[in-house]
Amino acid sequence: MSKSGKKRVAVNIPKFSIPDAQAPPPQAIAPANLDSSALIVLEGEQYTVGADELETLMELGRGAYGIVEKTRHKPTGTLMAVKRIPFTLNEAEKRNALMDLNVSMQAECEYTVRFYGAFFREGDIWICMEVMDTSLDKFYKAAFAQCGGIPEAALGRISFSIVTALDYLKEELRIMHRDVKPSNVLINAQGAVKLCDFGISGQMVDSVAKSNLGCKPYMPPERIEAEIGATYDVRSDVWSLGITMVELSIGQFPYPSFKNIFEQLKQVVQSDPPRLPAGKFSKEYETFIEMCLQRNRENRAKYRQLLDTEFLKRNKDNDIAEFASSVISKMK
Ligand SMILES: Nc1ncnc2c1ncn2[C@@H]1O[C@H](COP(=O)(O)OP(=O)(O)OP(=O)(O)O)[C@@H](O)[C@H]1O
């Protein structure tokens, strides 16, 4: 275990107000000219961005629906990640999609990736956001290869960051994430851990591709059942968080892979939920995972209960900068 992962520092935890349950959801306003004007907000200032003002520096990654590049906004020198997703929607659908996106853009939480703006260009939607160093799927593989895994103190800090982000999305923006998985949690060499892709790929990918069934099943039993008619809700994100944390802890996706995706989905529905391997982690961490990975969603913990666990209370202030920068510096 890295000693650095144990160093304690004060962190600025965002304060949450409990929203009025009757209050309407946040208002979203669609930009007027979807193609000709691209409004980006950087440090409170609004800029109209032309594609020629964005200089591509390197590719950061590719997902199922598009490419993400590290980009420099030449007039301000601001570095950002630009995700381009091919889009084939009509004007009304585009407007709705951007309204969803604008809700996401209101997120102001230390543990969510900041969105600068989005616009349609050349048949793609360009989503401009804060640039991080890597995503946790790549990070954990590097950590296992370099030093045998991620120390529990760092796993605790990562869990705390994700739970706090999900709680913020639910309480402040009243949205669930719907796609919690290691590639949607980003990390940088300063040790910041931030959730991304809320209200973006979720809603857009649903409208474009209709189904997520081609992916590895981070989705919980009720979500799989939802694909065939039942319902799912915010407690689904708690399951996906549990699967994500087990994967980061053991260095591999916790279900065996089958050639046939339906066999794989059947496992999630029929087998016992994954658990941490016995004797390798603290009892407090084992309990945290058990609270997330309950088959019956009624028995799954709520975010505030998770925030109140010994595991998160003990690890929430850990500074993981030294560990993160050491792993990230040896990647690539
Ligand atoms: N803001 C960002 N800063 C740094 N890297 C990023 C950023 N956003 C995405 N990436 C990188 O780009 C990769 C692709 O991201 P993308 O969201 O398109 O797909 P994904 O989450 O990996 O997979 P899927 O398409 O199944 O959701 C990520 O895995 C991550 O490594």
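Numbering of ligands and ligand atoms starts at 1, following listing order.
Which parts of ligand 1 touch Ser135 is read off a 4.0 Å heavy-atom cut-off, strictly below it: atoms 28 (C), 29 (O), 30 (C), 31 (O). Within ligand 1, counting atoms from 1 as listed, the ones closer than 4.0 Å to a heavy atom of Asn184 are 21 (O). Heavy-atom proximity to Arg62, at under 4.0 Å, picks out these atoms of ligand 1: 13 (C), 14 (C). Less than 4.0 angstrom separates some heavy atom of Ala81 from each of these atoms of ligand 1: 1 (N), 2 (C), 3 (N). Within ligand 1, the atoms closer than 4.0 Å to a non-hydrogen atom of Asp197 are 17 (O), numbered from 1 in the order shown. The contact set between ligand 1 and Leu186, taken as ligand atoms under 4.0 Å from a residue heavy atom, comprises 1 (N), 2 (C), 3 (N), 7 (C), 8 (N).
Under a 4.0 Å heavy-atom criterion, Lys181 is in contact with ligand 1.
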Tell me, with the steps shown, if Tyr111 and Phe160 meet ring pair (Phe, Tyr, Trp, His ring centres under 6.0 Å).
CA-CA 9 Å; Tyr111 305 103; Phe160 173 75; 5.8 Å; yes

Any chance you could lay out the side chain to side chain contact (heavy atoms under 4.5 Å, CB included) test for Met129 and Arg114, step after step, and finish with the verdict?
CA-CA 6 Å; Met129 59 186 145; Arg114 178 165 298 278; over 6 Å; no

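Taking all heavy atoms of Gly61, Gly63, Pro182, Ser183 into account, the minimum distance to atom 13 (C) of ligand 1 is reached by Gly61.
Looking at Leu306, Val180, Val238 one by one, the single match for side-chain contact (heavy atoms from CB on, under 4.5 Å) with Leu166 turns out to be Val180.
In this structure, a donor-acceptor pair under 3.5 Å is present between the side chains of Glu152 and Ser282. Side-chain polar atoms of Glu247 and Tyr218 form a donor-acceptor pair below 3.5 angstrom.
Although no hydrogens or angles enter the test, the distance criterion places no donor-acceptor pair under 3.5 Å between the side chain of Thr309 and the main chain of Gln305.
For residues 276-292, the salt bridge (charged side-chain N to carboxylate O under 4.0 Å, His left out) pairs, not counting sequence neighbours, are Lys283-Glu286, Glu284-Arg314.
Residue Asp137 places no N or O, backbone or side chain, under 3.5 Å from any N or O of ligand 1.
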